[in-house]
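Ligands are counted one by one from 1 in listed order, and the atoms in each one are counted from 1 as well. All values below come from the heavy atoms of this structure, side chains included, with hydrogens, waters and symmetry mates left out.
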Amino acid sequence: MGEDPQDSTQAKHMTHLAVGDYTLIRNLGVGSSGKVKLARHNTIGKEFAIKVISRAQYGMTPPCNAGGPRPYKKNTKDLSAEARVLREASITKLLHHPNICSLHEIFIHSNQYFLVFEYVNGVQMLDYIISRGKVKERTARKFARQIGSALEYCHRNNVVHRNLCLENILVSETTDITIIDFGLSNLFDLSACLDTYCATHYFPAPEILDGVPYTGPKVDVWSFGVVLYTIVCGRVPFDAENLPLLHAKIKQGLLKYPVWITKECKHLLSRMLVTNSSTRASLSEVLCHPWMVRGFSGPPDPHLGPREPLRSPEVLDRGVINNMKGFDFGTQEEIERRLTGILESESYLSVVERWEDKNRTLSDDFDGVGGIDTFSPSRASLAVSDDATVVAEDETNENKRLSDSANPGRSRFSILRSFPLKFLSPVVQPPAEPCIPSSCRLDVEREQADPTGGFHPLLSVYYLTREILERERAARLSK
Ligand SMILES: Nc1ncnc2c1ncn2[C@@H]1O[C@H](COP(=O)(O)OP(=O)(O)OP(=O)(O)O)[C@@H](O)[C@H]1O
């Protein structure tokens, strides 16, 4: 990317730099799209993290041999990079979840974008693991439940992250998780496929590496599996000194577990790291897995607000539609027409009907024997076996342990951060039986056919936009 003029000034002078209402304090990090700086709002005094992205790389800088500024033709790559920034902003602005970094505002200068995010006072999960070695399963479960909750929230809103990795998960002092960087995220539609190659280093799902079309959520489950493996094992599932070797290993598809990993945890990982996306666990299965719910009354709360189905086009609020910006959905009239088409479609109406039936049944159950949150892990049929293809821990294997190495922190992540956006791939795992408890309040069918979440990206954006406006209204009233 182009050099940020702010950065030509040394960091020590940064405290004097102001951007809009913010004073820049210091660098927090750097990513492929730009630098992230700690900033303080001049009037409210609150700290924010501002991602500064140069627009020079997007063709906004006039060519130097020109006799003055003139229109500068953008190429397709530039356009998609610029679209990526705007998509990150549009998607993140909609999301409201305790484990997802919120976007406060975005402003655009002639040479730069400034994305003003909530400041997370924490460290990257990568550094957290490096400094501690492996993490106890109990702590890992806390992390996994928060990551899972955030992913479920996203998926139920037709958003797929596509770049979940250790660098995009921040851990606070209270060991709470915040997921950042929705720069590669997208809206998905379960009835259609995405085909863009995304994700960093070790984390992309096999179907992304193979370049085959994919629907979305399962690629996050894969990356989540790699993250969870790394958290509990203290090293990435596949590692090598260089990419070709790494690819070879991945294609070999052998997954090794250290001896200290519990059977339950191994089973969960073996369901997440399944190369065939159609037999890989759904997020519902992951969140209901006995390992995930151990010590809890059920799967993590996705923090979705209460929603009712939109029962007819008459309930559509034009004020909401007018605010559905940033996704190329078309004009207000087009959005309204498309939403009307969805609400009047047979598939939507039948899903609403099923939703009503299901909720009636659930509320009857609730009146009687405890209702929808009565999931009991003990009732789950955990089919854990000592997987034949799971190789026992081999102390001499190339997946060196951090503590054994002369270079403690990085040896378990030898190419991590060495390659830019690069491929990594997976593992042949036994297609273990899914173990979704029948009483689990989440299930695949519901995930795919809930009129209030995940039914269609346009509907999800409508709900999310309405919720933002409601929050803003509530904030105004409380002043
Ligand atoms: N909200 C935040 N609070 C604190 N630190 C942050 C925040 N956002 C980002 N950072 C720091 O800046 C780094 C880069 O941020 P981010 O991953 O969003 O940038 P990027 O350019 O999109 O990166 P990528 O190469 O993954 O696309 C993060 O790894 C983190 O250390």
Side-chain angles (χ1 to χ4, degrees), residues 1-4 6-7 11 14 22 24-41 46-58 77 80-93 95-106 112-131 147 150 160-174 176-186 196-204 208 220 223 226-227 413 415-424:
M1 57 174 286
E3 180 65 13
D4 175 357
Q6 313 272 354
D7 295 323
M14 200 181 282
Y22 302 86
L24 303 182
I25 300 170
R26 64 179 164 87
N27 285 331
L28 287 171
V30 63
S32 56
S33 64
K35 289 188 176 164
V36 180
K37 297 167 193 251
L38 179 64
R40 184 171 292 113
H41 193 280
K46 196 173 166 189
E47 289 181 324
F48 290 91
I50 302 190
K51 191 185 273 192
V52 186
I53 303 170
S54 169
R55 297 184 76 190
Q57 63 178 331
Y58 304 140
K77 198 171 153 223
S80 78
E82 188 154 41
R84 184 188 137 178
V85 176
L86 297 175
R87 190 165 59 198
E88 173 176 13
S90 306
I91 289 180
T92 318
K93 191 87 180 73
L95 304 177
H96 183 72
H97 186 282
N99 305 110
I100 295 176
C101 187
S102 60
L103 179 67
H104 182 63
E105 64 173 319
I106 171 169
Q112 286 148 321
Y113 292 101
F114 296 92
L115 274 60
V116 183
F117 288 97
E118 154 199 3
Y119 167 54
V120 183
N121 190 0
V123 297
Q124 289 182 0
M125 179 64 88
L126 175 64
D127 294 320
Y128 182 88
I129 296 171
I130 286 172
S131 66
I147 296 167
V160 62
H161 188 283
R162 300 198 298 186
N163 192 15
L164 190 69
C165 60
L166 297 173
E167 294 100 319
N168 288 337
I169 298 172
L170 302 183
V171 187
S172 73
E173 276 180 358
T174 54
D176 288 302
I177 293 293
T178 304
I179 297 181
I180 59 167
D181 195 2
F182 280 71
L184 292 179
S185 62
N186 204 350
T196 318
Y197 168 75
C198 301
T200 319
H201 308 303
Y202 300 89
F203 301 88
I208 291 187
D220 281 346
S223 305
V226 179
V227 165
F413 310 97
I415 66 160
L416 207 63
R417 288 173 164 166
S418 318
F419 298 118
L421 273 186
K422 274 301 164 208
F423 326 72
L424 201 343

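- Contact annotation: for Asn168 versus ligand 1, heavy atoms closer than 4.0 Å belong to the side chain alone.
- Using a 4.5 Å heavy-atom cutoff, the side chains of Gln124 and Ile169 are not in contact.
- Inclusion of Tyr119 in the set of residues having an N or O under 3.5 Å from an N or O of ligand 1 is not warranted.
- Residue contact check: Gly34 has heavy atoms under 4.0 Å from atoms 21 (O) of ligand 1.
- Counting heavy atoms under 4.0 Å from ligand 1, residue Val120 touches it through both backbone and side chain.
- Of the possible donor and acceptor atoms, none in the side chain of Thr92 sits under 3.5 Å from a partner among the backbone N and O of Ala89.
- Under the side chain to side chain contact (heavy atoms under 4.5 Å, CB included) criterion, His96 pairs with Tyr153, Arg471, not counting sequence neighbours.
- Minimum heavy-atom separation, Val36 to Ala49: CG1-CB, 4.0 Å.
- The Leu28 neighbourhood of ligand 1 comprises atoms 4 (C), 5 (N), 31 (O), with distances under 4.0 Å to a heavy atom of that residue.
- When heavy-atom distances to ligand 1 are checked against a 4.0 Å cut-off, Glu118 comes that close only through its backbone atoms N, CA, C and O.
- With ligand atoms numbered from 1 in the order given, ligand 1 contributes 16 (P), 18 (O), 19 (O), 20 (P), 22 (O) to contacts under 4.0 Å with heavy atoms of Lys51.
- If you number the atoms of ligand 1 from 1 as listed, the ones under 4.0 Å from a heavy atom of Glu167 come out as 29 (O).
- Taking every heavy atom of Cys101 and a limit of under 4.0 angstrom, the matching atoms of ligand 1 come to 1 (N).
- A donor-acceptor pair under 3.5 Å is absent between the side-chain atoms of Asn99 and the main chain of Ala150, judged by distance alone.
- The shortest non-hydrogen separation linking Arg26 to Tyr119 is NH2-OH, 3.8 Å.
- When Leu24, Ile106, Ile53, Val52 are each tested for a side chain to side chain contact (heavy atoms under 4.5 Å, CB included) with Phe114, only one passes: Val52.
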